[in-house]
Number of protein chains: 2
Amino acid sequence: MTSGNSAHSDPLGFEAHDHAGCIDTAIAAAEAHCAEHGLRFTPVRRSALEFLLREHRAIGAYEMLDLLRDAGYGSQPPVAYRALEFLVANGFAHKIERLNAFIACAHPGATHSPAFMICRDCQSVAEAHSSPARGILGDAAKATGFQIEGTMIEAVGLCPTCAQKAAS
Amino acid sequence: MTSGNSAHSDPLGFEAHDHAGCIDTAIAAAEAHCAEHGLRFTPVRRSALEFLLREHRAIGAYEMLDLLRDAGYGSQPPVAYRALEFLVANGFAHKIERLNAFIACAHPGATHSPAFMICRDCQSVAEAHSSPARGILGDAAKATGFQIEGTMIEAVGLCPTCAQKAAS
DNA sequence: CCTGAAATGTTATAAAATCACATGAGGCCC
DNA sequence: GGGCCTCATGTGATTTTATAACATTTCAGG
Ligand SMILES: [Zn+2]
Ligand SMILES: [Zn+2]
Ligand SMILES: [Zn+2]
Ligand SMILES: [Zn+2]
């Protein structure tokens, strides 16, 4: 899309991590959350979350649709959009507005308003924690009387790997 | 789009302001900036900015296209997208990712990375100032080695007017 | 004037998201 | 278990948003 896409291997926090374990952990967390809140963690929804976790990068709705179709589910856009909507609504995944894409939550369990760092070169995305009503937005909201219900904070730039590549 | 759209009259900062004067001021500022930097502030671009300033709210690309076509310019999408691209690139306008729409900059002149508060009820948008590398993002970037090139910070919620309406 | 770079206009197409409606699977009461 | 209601799924069609590709025009600089 941009230029040199060479998708390196650790998009989560731009650093190595226990990728094998984090899938099981996240799925288990989602399962528990759904059981506790009377939500239906159906096969499509589970599969969608598994794909997000396995890929470990931002996935477009239509790319997800391909994956779901290949897995034997429906083949029309709403299939993907509905599964993703469920995952986002329950905090299992996030939408990256800048990319029109979705990514599994890197900090499952905790209620949080995430902040993302998006590499414009390799498209990797890192998720940082954020406080909903802090920083510039909290101040501005307080000053004007705006009631914040949700925030989206995204930074575009170069991840450590790509920055190093660019410098050389 | 959502539900009760009653677009109140002061979307800028959720408060009254000298709307008549701010158009001329902003246009003049843009004109000066372009003259100084050797940019061509062409009729379409000027018209597009005037529309954004006059409407004083987030405008979709296709809505802008309608306005431009009615004003005698081209009638195809690239006409609007190119004008808006120019305005955004030079800081005269911003794109609200959450709305897929554009809005005139409320703080022309100053180089800044804006933060927006978007009312989910009346769609009004307020622009607050922000420092590129401060707050949660700056910390996270420093910790991971991410080089921030641009940020987008948007909050969705209720503006003071709509919050009051909802409370009653 | 000549010329090259930037801007405009148009056709066509791609990408992203939603609408509308039929069918199917579960939970619940009896 | 059978009836019933709700939510989830599947599909076709459409809308909305955005870009590609290319011909033509405009304009500053020489
Ligand atoms: Zn998260
Ligand atoms: Zn990178
Ligand atoms: Zn601004
Ligand atoms: Zn409002």
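By convention in this document, chain letters (A, B, ...) are assigned in the order of the sequence lines, proteins followed by strands, and residues within each chain are numbered from 1.
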Worksheet item: Going by the angle between their ring planes, with limits at 30° and 60°, are A/His112 and A/His94 parallel, tilted or perpendicular?
Response: perpendicular

Response to the item:
Value for CZ (B/Phe116) from CD1 (B/Ile153), rounded to nearest 0.5 Å, stands at 10.0 Å

Fill in: 5' precedence on DNA chain D between A/Ser75 and B/Gly60 (nearest-nucleotide basis)
A/Ser75

Discussion item. Between the opening five pairs and the closing five pairs of the helix from C/dC1-D/dG30 to C/dC30-D/dG1, how far apart are the helix axes, to 10°?
Written reply: 30°

Fill in: Counterpart residues, side chain to side chain donor-acceptor pair (under 3.5 Å), relative to B/Gln76 (two or more places apart)
none

Discussion item. Using whole Å, what does the distance between atom P of nucleotide D/dA8 and atom CG of A/Leu39 come to?
Written reply: 8 Å

Worksheet item: What is the distance from atom CE of B/Met152 to atom CD of A/Glu97, rounded to the nearest 0.5 Å?
Response: 9.0 Å

Worksheet item: Atom CG of A/Leu68 to atom P of D/dA8: distance rounded to whole Å?
Response: 16 Å

Fill in: Whole angstrom value for the distance that separates P of D/dT17 from CD1 of B/Ile59
12 Å

Worksheet item: When the distance from CE of B/Met64 to P of D/dT17 is rounded to whole Å, what number comes out?
Response: 14 Å

Let me have the donor-acceptor pairs involving side chains of residues 20-42 of chain B, under 3.5 Å, with sequence neighbours excluded, atom names and distances please.
unit_1  : atom_1 : unit_2  : atom_2 : d
B/Thr25 : OG1    : B/Gly21 : O      : 2.9
B/Glu31 : OE2    : B/Arg46 : NH2    : 2.0
B/His37 : ND1    : B/His33 : O      : 2.9

Worksheet item: Given C/dG9, is OP1 or OP2 found less than 4.0 Å from the side-chain N or O atoms of B/Arg69?
Response: no

Discussion item. Using OP1 and OP2 only, check whether a side-chain N or O of A/Thr42 sits under 4.0 Å from C/dA25.
Written reply: no

Response to the item:
Contacts satisfying salt bridge (Lys or Arg N to Asp or Glu O under 4.0 Å) that involve residues 84-95 of chain B (not counting sequence neighbours) are none

Fill in: Nucleotide-resolved protein contact map, nucleotides 18-30 of chain D, B/S/- at heavy-atom distance under 4.0 Å
BBB------S---

Worksheet item: Starting at the 5' end of DNA chain D and moving along, which residue's nearest nucleotide shows up first, A/Val79 or A/Arg45?
Response: A/Arg45

Worksheet item: Can you list the residues that meet the side-chain contact (heavy atoms from CB on, under 4.5 Å) rule with A/Leu67, with sequence neighbours excluded?
Response: A/Phe51

Discussion item. Distance check needed: D/dT9 C1' versus A/Phe41 CZ, whole Å only.
Written reply: 17 Å

Worksheet entry | A/Asp66 and A/Arg69 ion-paired at < 4.0 Å | yes

